[in-house]
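First the structure, in the form of structure tokens, and then the observations on it.
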Protein chains: 2
Amino acid sequence: MSPRIGLDLDKVVEAAVEIVDNEGFGALTLAILAKKLNIRTPSLYNHIDGLPALKQKIAVFGLEKLFSVMEEASKGRTGDAAIMSVGIAYVNFVRSHPGLYEAGFKPADLDSEEQMAAGAKIVELSLKLLRSYGLNERDAFHAVRGLRSLLHGFASIEQGGGFAMDFDRDESLRFTLERYLAGLKSM
Amino acid sequence: MSPRIGLDLDKVVEAAVEIVDNEGFGALTLAILAKKLNIRTPSLYNHIDGLPALKQKIAVFGLEKLFSVMEEASKGRTGDAAIMSVGIAYVNFVRSHPGLYEAGFKPADLDSEEQMAAGAKIVELSLKLLRSYGLNERDAFHAVRGLRSLLHGFASIEQGGGFAMDFDRDESLRFTLERYLAGLKSM
DNA sequence: GCACAAAACTAATATCATTAGTTTATAATA
DNA sequence: TATTATAAACTAATGATATTAGTTTTGTGC
């Protein structure tokens with residue numbers, strides 16, 4: 001049923017993810033991807049529906065992987081310990097998979113139902129973790145947005161080289177999360 | 001000294017900024033820009049040194065404009081009031097100039113001295129605003145990173161359509177800033 | 001051993017940035 | 001006022017890109 005190479009969608013996406021993590025999300029081209037896979041560019045169309053669709057797949061893949069990492073980090077923990085653990089895991093995920101993470105935040109021009117669903121799972125997990133802070137429902141939603149803003153902002157500024165000063169970044173992350181959580185508890 | 005059209009670098013950048021704010025940073029091409037200016041693509045090279053250099057100029061322009069907006073919003077205010085005002089101004093700037101803002105956060109492959117300088121001014125302003133919280137120097141640096149993370153994260157998630165729920169976003173921003181500042185004060 | 005289908009291929013098109021070389025119009029000057 | 005120098009436009013050409021159309025090849029199932 002298959003002609004020459006043992007190539008399928010998963011392997012194509014896998015190779016694309018490697019490119020994206022090593023060279024940046026913007027560096028992903030079908031030409032480079034095809035070269036990496038030792039095929040000609042048009043042959044990629046046997047597996048994907050063009051570059052935008054591939055990027056969409058990577059986005060969903062990245063969001064799902066991020067969710068797994070966060071969920072894993074939250075296991076067996078509650079309250080501050082859970083949020084700190086998840087926050088650190090979040091940032092570490094971005095550090096090891098910068099392109100994959102970036103992909104998840106590109107608003108898809110395409111039908112992005114899968115992407116939104118993947119994002120929703122992350123929101124739900126955050127909401128669950130913040131439940132123990134005794135916030136009313138309205139505030140809990142605000143708090144989730146705050147936590148996401150904090151983590152995404154920190155991770156993407158760091159990734160863009162925006163933390164220029166020679167100053168421990170892990171410490172900054174812990175400090176910021178601690179202060180935010182302290183603020184939530186002081187309501 | 002000038003041949004046909006009253007075109008100069010400023011007008012080229014201005015037109016590029018319009019494209020970027022209306023269609024997104026990624027939508028900026030020399031072809032579209034040239035069409036907007038009623039010239040042929042290669043003529044742009046009389047004013048700019050290629051697309052990457054133009055993007056770099058836009059980035060610096062955006063960061064400087066953001067700084068102005070923040071500085072203006074801080075005038076005559078201190079403490080929480082100053083930070084809230086600046087934070088809201090920050091997010092509103094991104095809302096009205098999404099592409100321009102995005103440009104400022106693209107790490108320039110080029111010599112980015114100007115870009116870094118523009119970013120540094122924003123950091124210094126934030127540091128000044130946080131001075132009244134009585135933090136030691138070390139914590140003040142962490143706090144600046146936290147504030148930047150919060151604002152950048154909030155603004156860019158919002159811009160990407162990431163706050164899907166039908167829930168007041170300004171309220172979320174105020175809530176988050178208030179909680180973070182409360183946490184800083186509770187040290 | 002044969003046929004079918006998936007997956008590779010080549011060829012071609014359109015869009016993009018960029019470079020090289022040419023023309024033109026304005027501004028300074030003679 | 002006429003001339004010239006130059007900045008800023010132009011055309012032409014190149015190379016990279018994504019994409020489509022149509023062809024060939026190869027492995028699996030019959």
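Per chain, numbering begins at 1; letters A, B, ... match sequence-line order.
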Grab the [atom1]-[atom2] distance between [X] and [N] for me, whole Å please.
X       : N      : atom1 : atom2 : result
A/Leu51 : D/dT20 : CG    : C1'   : 16 Å
B/Leu37 : D/dC10 : CG    : C1'   : 15 Å
A/Leu7  : C/dA5  : CG    : P     : 22 Å
B/Lys11 : D/dA8  : NZ    : P     : 12 Å
B/Tyr45 : C/dA17 : OH    : C1'   : 5 Å
B/Leu44 : D/dT11 : CG    : P     : 14 Å
B/Asp8  : C/dT26 : CG    : P     : 16 Å
B/Lys35 : C/dC16 : NZ    : C1'   : 12 Å

Item checked: A/Pro42 side chain, from C-beta outward: closest of D/dT11, C/dC9, C/dA17 -> C/dC9

Note to self: Which nucleotide wins on minimum distance to the side chain of B/Ser43, given the candidates D/dC10, C/dT18, D/dA21?
What the structure shows: D/dC10

Notebook entry, point to check: D/dA7 base to B/Asn46 side chain: any donor-acceptor pair below 3.5 Å?
Noted result: no

Note to self: I'd like to check the side chain to side chain contact (heavy atoms under 4.5 Å, CB included) partners of B/Met187; sequence neighbours left out, ordered by chain and number.
What the structure shows: A/Phe175, A/Arg179, B/Leu135, B/Asp139

Checklist line | Those residues that, when tested against B/Lys36, pass side chain to side chain contact (heavy atoms under 4.5 Å, CB included) (two or more places apart) | finding: B/Ala15, B/Glu18, B/Ile19

Check: Heavy-atom contacts under 4.0 Å between residues 19-33 of chain B and DNA chain C, which residues?
Finding: B/Thr29, B/Leu30, B/Ala31

Between [X] and [N], is there a side-chain N or O to OP1/OP2 distance below 4.0 Å?
X       : N      : result
A/Thr41 : D/dA18 : no
B/His47 : D/dA9  : yes
B/Arg40 : D/dT11 : yes

For residues 41-54 of chain B, run the donor-acceptor check on the side chains, cut-off 3.5 Å, and write out each pair with its distance to 0.1 Å, sequence neighbours left out.
unit_1: B/Ser43; atom_1: OG; unit_2: B/Arg40; atom_2: O; d: 3.4
unit_1: B/Asn46; atom_1: ND2; unit_2: B/Ser43; atom_2: O; d: 3.4

Notebook entry, point to check: Any ion pair linking A/Lys75 and A/Glu72 (charged N to carboxylate O, less than 4.0 Å)?
Noted result: yes

Next item on the list: Using the side chain to side chain contact (heavy atoms under 4.5 Å, CB included) rule, take A/Leu100 and A/Phe93 through it: C-alpha gap first, then chi angles, then the decisive distance, then the call.
Entry: CA-CA 9 Å; A/Leu100 192 52; A/Phe93 173 76; 4.2 Å; yes

Note to self: I need the full list of salt bridge (Lys or Arg N to Asp or Glu O under 4.0 Å) pairs touching residues 142-163 of chain A, with sequence neighbours left out, sorted by first then second residue.
What the structure shows: A/Arg95-A/Glu158, A/Glu158-A/Arg169

Under 3.5 Å, sequence neighbours excluded: what are the donor-acceptor pairs made by side chains of residues 58-69 of chain A?
unit_1: A/Ser68; atom_1: OG; unit_2: A/Glu64; atom_2: O; d: 3.0

